[in-house]
Amino acid sequence: MSQQVRTRFAPSPTGYLHIGGLRTALYCYLFTRKVGGAFLLRIEDTDRKRYVPEAEDYFIRALEWCGIQCDEGVHVGGDYGPYRQSDRKELYQKYVQQLVDTEKAYYAFDTPEELEAMREAAKQQGNHNIKYDAKTRLQMRNSLTLPEEEVQQLLNDGAPYVIRIKIEPNQEVTVNDLVRGLVTINSNEIDDKVMLKSDGMPTYHLANIVDDHSMKITHVIRGEEWLPSTPLHVLLYRAFGWEDTMPQFAHLPLILKPEGKGKLSKRDGDRLGFPVFPIAWTEEGADQPSKGFREMGFFSEAFVNFLAFLGWNPGTEQEIFTMEELTDAFTIERISKSGAKFDFNKAKWFNEQYLKNKSDAELTEAALAYAPEKLEELQICKEYVNGVWGLMKERVTFPSDIWTKAAYLFAKPDTYDAKVVRKKWKEERIPLFEDLKKRLAALDDFSSTNVETSIKAFIEETGLGFGNVLQVFRVMLAGTTKGPSVFDMAALLGKEEVVERMERGAKIFDEMNALLA
Ligand code: GLU
């Protein structure tokens with residue numbers, strides 16, 4: 001029987017989750033779900049200097065919002081825990097000791113000043129790329145150069161030390177990346193990286209490998225920025241004797257700035273007015289949280305759909321995918337090698353597609369959170385807002401948009417299109433519009449069809465022409481020439497309101513023209 005697929009999302013709690021990180025989680029999740037494997041959340045919190053306590057909870061909430069469910073992890077437990085690296089210190093110490101005992105790693109006692117002096121001396125001789133490696137390690141203060149008794153003495157005295165991996169020179173290291181193909185480098189390019197820091201904490205490299213091994217991870221799916229570290233990871237698997245069960249690697253392309261060059265950053269979002277994180281996040285020292293996609297009014301399904309397409313495509317024309325459909329369609333082979341340009345308009349397009357398919361009631365609930373005033377103050381009820389959705393669904397991007405784009409459906413217009421008034425509100429036509437108002441006021445059933453029939457009959461009888469009547473009527477109701485069907489709009493506003501708006505409009509149109517005269 002083949003081995004169960006196990007993947008992990010392993011963010012470091014140093015701040016908010018950039019959408020690139022979330023995309024990594026999504027791809028991992030889709031890949032794993034498709035084959036019925038286990039997806040876990042591991043918190044890589046070994047860098048205590050950059051540790052941000054709120055970040056872990058933020059990751060969990062962001063994943064939940066997107067509907068990415070973890071089978072194991074800090075918040076749900078599991079058989080391979082603990083899932084927070086700071087709770088696994090002993091394990092790393094045990095394994096790093098194993099490396100020392102098998103002479104794959106060694107103690108290094110060099111002080112920061114000594115390391116600096118080594119770099120300085122090399123620079124003097126024109127070598128700017130000096131590394132702690134096979135060429136230099138024998139000139140340094142470590143357990144390879146010091147007599148055994150001295151090493152023991154230093155350890156007994158509690159002298160500060162780090163443990164470094166001993167990279168053998170001139171080895172070919174090949175990584176068969178599932179996205180990029182074969183990547184080969186020579187071990188001469190890798191330095192004797194620190195595995196255990198002087199504070200007793202493991203480095204990312206050690207903890208990551210020990211955890212992936214002990215959590216039986218089969219596939220490491222992560223951002224491209226980790227590709228350069230992967231040969232070192234391969235050497236670490238070798239040093240531990242774990243090469244046979246080494247996971248497969250897939251490195252995801254970068255998410256690029258909208259202009260196409262360079263990695264998308266929070267600054268690009270600030271500069272161009274879009275979020276780069278899924279849900280709101282309060283930066284240290286800031287008094288206001290920065291909005292995420294959720295707070296901007298994105299539906300999580302639309303956001304996930306958009307995210308899935310940032311670096312992957314199904315190879316067909318289909319663009320709208322539910323999470324289930326994404327799971328079925330997703331393959332690592334269809335992840336692109338080149339960076340994916342972030343396109344906020346495309347994100348909005350996805351939201352519009354999902355918005356159109358929501359029920360009026362659902363949209364009303366979503367819009368209420370953004371209402372400028374309470375419904376009672378606006379003198380409307382939820383059913384009325386449902387009716388607004390019936391008219392506006394095809395015309396907005398976010399649920400909150402109705403309060404601005406259809407403000408005239410909630411209150412009488414503030415302004416009226418001056419061009420229409422100047423051109424079409426003619427002295428001789430004023431009595432005719434008075435007549436139209438009376439006809440509408442006389443309708444028993446103020447349905448859209450009845451309003452339409454009545455207005456069309458009026459146009460025919462008066463010979464005024466469609467444009468002359470409908471534009472004026474629309475501006476009376478809405479102030480503007482744009483918007484949904486004017487008959488539907490009238491029916492929604494109701495007879496009384498339409499009559500009031502016609503009277504108010506006529507009065508203001510007169511005043512506007514008087515000013516021009
Ligand atoms: N902690 C690393 C990060 O923050 C994880 C990289 C990996 O998946 O190996 O991205």
Side-chain angles (χ1 to χ4, degrees), residues 5-32 37-60 62-63 68 70 72-74 80 82-89 92 175 177-180 183 193-195 197 201-237 240 242 245-255 263-266 276-278 281 311 332 335:
V5 164
R6 292 177 56 81
T7 65
R8 83 304 192 267
F9 176 49
S12 297
T14 53
Y16 64 86
L17 190 57
H18 181 280
I19 59 164
L22 198 60
R23 186 198 55 179
T24 299
L26 176 65
Y27 285 12
C28 256
Y29 174 76
L30 295 174
F31 170 74
T32 314
F39 169 70
L40 61 93
L41 172 66
R42 180 171 80 217
I43 300 294
E44 300 208 328
D45 58 348
T46 55
D47 186 347
R48 304 311 287 178
K49 283 194 213 93
R50 295 175 62 213
Y51 179 68
V52 175
E54 301 79 23
E56 181 178 311
D57 179 52
Y58 180 83
F59 299 157
I60 294 169
L63 293 176
I68 300 176
C70 302
E72 297 167 32
V74 264
Y80 297 82
Y83 293 91
R84 198 177 287 112
Q85 290 188 328
S86 56
D87 297 333
R88 299 168 67 82
K89 267 203 256 158
Y92 310 126
V175 181
D177 189 85
L178 296 175
V179 176
R180 323 227 119 224
V183 181
K193 281 263 176 332
V194 172
M195 296 288 112
K197 295 183 274 189
M201 278 299 236
T203 53
Y204 154 74
H205 304 292
L206 175 71
N208 192 268
I209 268 56
V210 166
D211 285 351
D212 282 348
H213 173 74
S214 53
M215 293 180 180
K216 295 207 165 59
I217 298 302
T218 56
H219 295 78
V220 167
I221 301 173
R222 62 184 172 194
E224 194 175 83
E225 64 274 26
W226 297 107
L227 187 60
S229 301
T230 310
L232 167 71
H233 295 174
V234 172
L235 290 177
L236 266 170
Y237 282 104
F240 278 118
W242 297 336
T245 54
M246 185 169 77
Q248 288 191 271
F249 295 96
H251 287 91
L252 308 179
L254 290 178
I255 298 184
K263 191 175 159 184
L264 179 76
S265 71
K266 172 160 185 305
V276 296
F277 24 67
W281 171 257
I332 290 188
I335 294 175

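Counting starts at 1 for both ligands and their atoms, following the listed order. Keep in mind that the numbers below use all heavy atoms, side chains included, and drop hydrogens, waters and symmetry copies.
Shown here are the ring-ring contact (aromatic ring centres under 6.0 Å, His included) partners of F59, two or more places apart in sequence or in another chain: there are none. Applying the side-chain hydrogen bond (donor to acceptor under 3.5 Å, both in side chains) rule to H205 yields the partners H233; only residues at least two apart in sequence or on another chain are considered.
The residues E72 and R6 are annotated as salt-bridged, a charged nitrogen and a carboxylate oxygen being separated by less than 4.0 angstrom.
Between W226 and H251, the closest side-chain pair of non-hydrogen atoms falls below 4.5 Å. In this structure the side chain of F9 reaches within 4.5 angstrom of the side chain of L63, judged on heavy atoms.
Every pair passing salt bridge (Lys or Arg N to Asp or Glu O under 4.0 Å) that includes a residue from residues 207-221 is listed here, sequence neighbours excluded: R8-D212, R42-D211, R42-D212, R88-D211.
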Short N or O separations between ligand 1 and the protein, below 3.5 Å:
{"from": "ligand 1", "atom 1": "1 (N)", "to": "A10", "atom 2": "O", "distance (Å)": "2.8"}
{"from": "ligand 1", "atom 1": "1 (N)", "to": "S12", "atom 2": "OG", "distance (Å)": "2.9"}
{"from": "ligand 1", "atom 1": "1 (N)", "to": "E44", "atom 2": "OE1", "distance (Å)": "2.6"}
{"from": "ligand 1", "atom 1": "4 (O)", "to": "S12", "atom 2": "N", "distance (Å)": "3.4"}
{"from": "ligand 1", "atom 1": "4 (O)", "to": "S12", "atom 2": "OG", "distance (Å)": "3.2"}
{"from": "ligand 1", "atom 1": "8 (O)", "to": "R8", "atom 2": "NH1", "distance (Å)": "2.7"}
{"from": "ligand 1", "atom 1": "8 (O)", "to": "R8", "atom 2": "NH2", "distance (Å)": "3.3"}
{"from": "ligand 1", "atom 1": "9 (O)", "to": "R8", "atom 2": "NH2", "distance (Å)": "2.9"}
{"from": "ligand 1", "atom 1": "9 (O)", "to": "Y204", "atom 2": "OH", "distance (Å)": "2.8"}
{"from": "ligand 1", "atom 1": "9 (O)", "to": "N208", "atom 2": "ND2", "distance (Å)": "3.1"}
{"from": "ligand 1", "atom 1": "9 (O)", "to": "R222", "atom 2": "NH1", "distance (Å)": "2.8"}
{"from": "ligand 1", "atom 1": "10 (O)", "to": "W226", "atom 2": "NE1", "distance (Å)": "3.2"}

